[in-house]
Amino acid sequence: SSMWSSRLLRSAALGLALVAPLLLGGCSGFRPVYGDGGLIAQRLEFNYAKPGSRTDQIIIQELALRLGSGSNPDAPEIRISSAAGARGLTRTNVTKPGSHLEMSVRASYSVVTADGETLVSGTREASAAYVTSGQVIADEAAAKDATERAAREVAETIRLSILAQLAAPVREAALIQ
């Protein structure tokens with residue numbers, strides 16, 4: 001929906017606006033954010049809580065791939081709890097019966113330190129459209145595909161949120177050094 005896309009764009013723009021100063025590094029002696037010795041590269045090592053559902057697992061896999069994971073037991077842990085649900089949009093004409101639906105995935109996330117302190121948390125939602133035709137196997141496959149697409153989109157917004165929320169303290173630390 002357009003409301004969701006504008007929210008996604010705002011979220012992405014906010015994430016970029018907060019991360020951009022880190023990437024540009026305007027002051028002298030500022031080390032690159034990514035790469036060897038980069039500030040975020042040193043900080044972005046996460047453990048992931050065990051997924052409670054298939055949707056949780058998709059989100060965690062995307063985050064581990066795009067945000068990073070490590071083997072350090074003291075690294076912060078990312079916890080995900082998600083739910084998916086479908087809602088009908090419109091019905092196509094009688095000669096070609098089919099239903100247009102939207103699969104929505106809502107996920108709560110938190111980044112928790114080894115000693116139990118919550119660094120960041122929030123909730124994000126995304127949806128993906130799909131069409132059913134009345135053929136059970138095809139309809140189940142379409143719903144599963146839409147769930148996975150929405151889960152990947154949620155993972156990306158969570159990734160941007162975590163980067164944006166963790167960027168502020170990293171930037172302050174960099175300016176102090």
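Position 1 is the first residue of the sequence; numbering continues from there.
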Say you draw a straight line from [atom1] of [X] to [atom2] of [Y]; how long is it, rounded to the nearest 0.5 Å?
| X | Y | atom1 | atom2 | answer |
| --- | --- | --- | --- | --- |
| Leu166 | Phe46 | CG | CZ | 5.5 Å |
| Met103 | Arg87 | CE | CZ | 12.0 Å |
| Ile162 | Thr157 | CD1 | OG1 | 9.5 Å |
| Leu160 | Gln165 | CG | CD | 11.0 Å |
| Ser121 | Ile158 | OG | CD1 | 11.0 Å |
| Leu63 | Tyr109 | CG | OH | 10.5 Å |

Check your understanding: Can you hop from Ile59 to Leu119 via hydrophobic side chains spaced under 4.5 Å?
Key -> yes
Looking at [X] and [Y], what are the two nearest heavy atoms and their distance?
| X | Y | value |
| --- | --- | --- |
| Ile58 | Arg152 | CG2-CG, 4.1 Å |
| Glu62 | Ala155 | CB-CB, 3.5 Å |
| Asn47 | Pro73 | ND2-O, 3.8 Å |
| Ser133 | Asp139 | N-OD1, 2.8 Å |
| Ala107 | Val154 | CB-CG1, 3.6 Å |
| Ala151 | Thr55 | CB-CG2, 3.9 Å |

Review point. Is there a side-chain contact between Leu67 and Leu163, using heavy atoms and a 4.5 Å cut-off?
Key: yes
Check your understanding: Is the shortest side-chain N to carboxylate O distance from Glu148 to Arg54 below 4.0 Å?
Key -> yes
Check your understanding: Going through the checks in order, is the side-chain contact (heavy atoms from CB on, under 4.5 Å) test met by Ser104 and Glu125?
Key -> CA-CA 7 Å; Ser104 180; Glu125 191 169 353; 2.8 Å; yes
Revision key, fill the gap. Residues at least two apart in sequence or cross-chain that pass side chain to side chain donor-acceptor pair (under 3.5 Å) with Asp74, listed by chain then number, are none
Point to revise | With Arg149 via side-chain contact (heavy atoms from CB on, under 4.5 Å) - residues at least two apart | key: Ala128, Tyr130, Asp145, Ala146
Would you list the atom pairs, donor with acceptor, under 3.5 Å between side chains in residues 78-86 and any protein atom, with sequence neighbours excluded?
| from | atom 1 | to | atom 2 | distance (Å) |
| --- | --- | --- | --- | --- |
| Arg79 | NE | Glu77 | OE1 | 2.8 |
| Arg79 | NH2 | Glu77 | OE1 | 3.4 |
| Ser82 | OG | Asp56 | N | 3.3 |
| Ser82 | OG | Asp56 | OD1 | 2.4 |

